[in-house]
Each structure stands twice: as C-alpha cells, then as structure tokens.
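A quick write-up on the structure given underneath.
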Amino acid sequence: MKWTRSEILAAPSQNVSAEEDIQIDASEFEGFSLLNSVRDVHVSANGFLDSDEDRFYAVLHVSGVMLLPDAITSEEIEYPFETESEEIYSFTDTDEEGVRVVADDVIELYPAICDAIIMEVPLQVTNASEEDYPSGEGWAVITEEAYQRDRESRIDPRLAKLMEYKEEE
C-alpha cells in the first residue's frame, strides 16, 4: 500500500483512504521466533496531509491470522489478531522518535503494517492440554491457575513456626 504526495494533494481536503487484502511474505518475520507467518491480512488505512507541518498522518486498522509456534509442543497455532496503529510520516529529515521519513515523496505503509503486526504477537500461546505438558523427575510444567492454587495453600516456611502458637482463652 502506497500513496504518492501528488495523489494526496489531488484528493479532496488532502484526505485519502484505502482498503485491501495484502500478502506478507514470511521472510519479513525471519529472526523473530515468536511468529512464523501471517495470512488473511486485511488493512484499512485513512490519512491526511498537514501542509503546514509537511507531515502525513495515517491511521491503520490491520486484522488477520498469525501462525505462531505453540509454547509447549512447538506445533503451529492459528491466532486471530486485530490492531490499530497511528503513524506519522515526515517529508523532511527528522530525528524525532516515532516519525517515519518519506523517501521520494512516496508514503509506503507496508513497513508500518509489519511493525503493527509484530507489536500484537503474544509472548506465549498454547493449545496443549494439561496432560501434554512436559514433566520430569521432580519437576513439571503447570498452568498459571495451578500455580496460584498451590501458592495460596502453601505456608511460608519462615512463618510456619507461628502456626504452633495458638491464642489462649
């Protein structure tokens, strides 16, 4: 998805919008072990040019399906996502954080779309049942709920001695 400066200037009120399904190559996420690829990516984008500041402001709405490795079994899991991203593009050089510099008067939304997707990747997902969780001699992977139950029922060894004392009547 791209807009040229001349397209934006020709648009009514210098507002532009686009909506399309895009393909994102899995190589975009190479070296990012938490995400294998994405599919069915749909992007809605709206933007306007602020001629006074020489900046373009865009709002991206991105949805699709992530293909992620299962945290327990490493099998691939489909994980639907939906996110919004607000982007600022500058037609002049700037070191300002969060502002993308436009090259050759062409606003390229593709890098912003990939960044928005990466920001939505969960740290861990699993479809494994508790029986599939790995375990060994003296250890086992447990659910967060099981950990909380165990933690609540356990008495701090530093305070165990206090349990011996009872209030006298």
Side-chain angles (χ1 to χ4, degrees), residues 1-3 16-48 55-90 94-103 106-163:
M1 295 182 81
K2 297 178 187 183
W3 285 308
V16 291
S17 62
E19 189 166 331
E20 67 180 75
D21 295 325
I22 64 170
Q23 297 290 328
I24 298 179
D25 192 66
S27 65
E28 291 291 332
F29 308 111
E30 238 173 60
F32 190 65
S33 63
L34 298 176
L35 176 62
N36 295 341
S37 64
V38 293
R39 64 177 175 79
D40 302 332
V41 178
H42 182 79
V43 180
S44 298
N46 297 303
F48 70 94
R55 289 188 173 192
F56 181 79
Y57 297 90
V59 176
L60 308 174
H61 182 85
V62 185
S63 61
V65 177
M66 294 181 189
L67 301 172
L68 309 168
D70 188 295
I72 303 292
T73 64
S74 294
E75 294 175 4
E76 197 163 77
I77 296 176
E78 292 184 358
Y79 185 82
F81 71 93
E82 190 169 338
T83 187
E84 262 195 24
S85 177
E86 295 179 4
E87 301 293 329
I88 302 170
Y89 294 86
S90 176
T94 181
D95 291 332
E96 192 176 338
E97 190 172 323
V99 177
R100 298 175 188 267
V101 177
V102 177
V106 177
I107 296 168
E108 175 63 63
L109 299 177
Y110 190 79
I113 293 167
C114 291
D115 290 347
I117 292 170
I118 288 172
M119 294 299 290
E120 288 299 310
V121 175
L123 294 177
Q124 293 181 345
V125 292
T126 187
N127 282 339
S129 65
E130 287 189 49
E131 294 82 39
D132 295 334
Y133 284 17
S135 62
E137 192 173 321
W139 67 273
V141 174
I142 59 174
T143 63
E144 181 72 23
E145 294 82 22
Y147 171 75
Q148 291 298 335
R149 280 193 308 271
D150 183 53
R151 188 171 172 217
E152 289 170 3
S153 65
R154 188 179 299 169
I155 299 171
D156 187 337
R158 298 171 294 181
L159 303 175
K161 204 68 162 158
L162 292 175
M163 296 299 287

Next on the checklist: Side chains of V121 and F81, heavy atoms from C-beta outward: is any pair under 4.5 Å?
Outcome noted: no
Item to check | Residues, nucleotides or ligands: over 12 heavy atoms within 6.0 Å of F32 CZ | outcome: yes
Item to check | Residues forming a side chain to side chain contact (heavy atoms under 4.5 Å, CB included) with A26, sequence neighbours excluded | outcome: S37
Next on the checklist: Could you work out, with side chain to side chain contact (heavy atoms under 4.5 Å, CB included) as the rule, every residue matching V101, not counting sequence neighbours?
Outcome noted: D93, T94
Next on the checklist: Going by the rule side chain to side chain contact (heavy atoms under 4.5 Å, CB included), which residues pair with N46 if we only count those two or more places apart in sequence or in a different chain?
Outcome noted: S17
Checklist entry - If only atom types and distance count, is the side chain of D70 paired as donor or acceptor with the main-chain N or O of N127 below 3.5 Å? => result yes
Next on the checklist: If I take atom SG from residue C114 and atom CE from residue M119, how far apart are they, to the nearest 0.5 angstrom?
Outcome noted: 14.0 Å
Next on the checklist: Which residues pass the salt bridge (Lys or Arg N to Asp or Glu O under 4.0 Å) test with E108, not counting sequence neighbours?
Outcome noted: K2
Checklist entry - Crowded around Y79 OH? As in, over 12 foreign heavy atoms under 6.0 Å? => result no
Next on the checklist: Between Q148 and E152, do the side chains contain a donor N or O and an acceptor N or O under 3.5 Å apart?
Outcome noted: no
Checklist entry - Which heavy-atom pair separates G47 from W3 by the least distance, and what is that distance? => result N-CH2, 4.5 Å
Checklist entry - For atom CD of E76, is the number of surrounding heavy atoms from other residues, nucleotides or ligands below 6.0 Å larger than 12? => result yes
Checklist entry - Is it the case that Q124 and T126 place a side-chain donor and acceptor less than 3.5 Å from each other? => result no
Checklist outcome for this item: Value for CD1 (I113) from CD1 (I22), rounded to nearest 0.5 Å, stands at 4.0 Å
Item to check | Any residue meeting side chain to side chain donor-acceptor pair (under 3.5 Å) with S33, in chain and number order, not counting sequence neighbours | outcome: none
Item to check | E20, CD: over 12 other non-hydrogen atoms inside 6.0 angstrom | outcome: yes
Checklist entry - Which pair of non-hydrogen atoms, one from L123 and one from L34, has the smallest distance, and what is that distance? => result O-CD2, 3.7 Å
Show me, pair by pair, the donor-acceptor contacts under 3.5 angstrom made by side chains of residues 55-62, not counting sequence neighbours?
from, atom 1, to, atom 2, distance (Å)
R55, NH1, E96, OE1, 3.4
R55, NH2, E96, OE1, 2.6
Y57, OH, E53, OE1, 2.7
H61, NE2, E82, OE2, 3.0

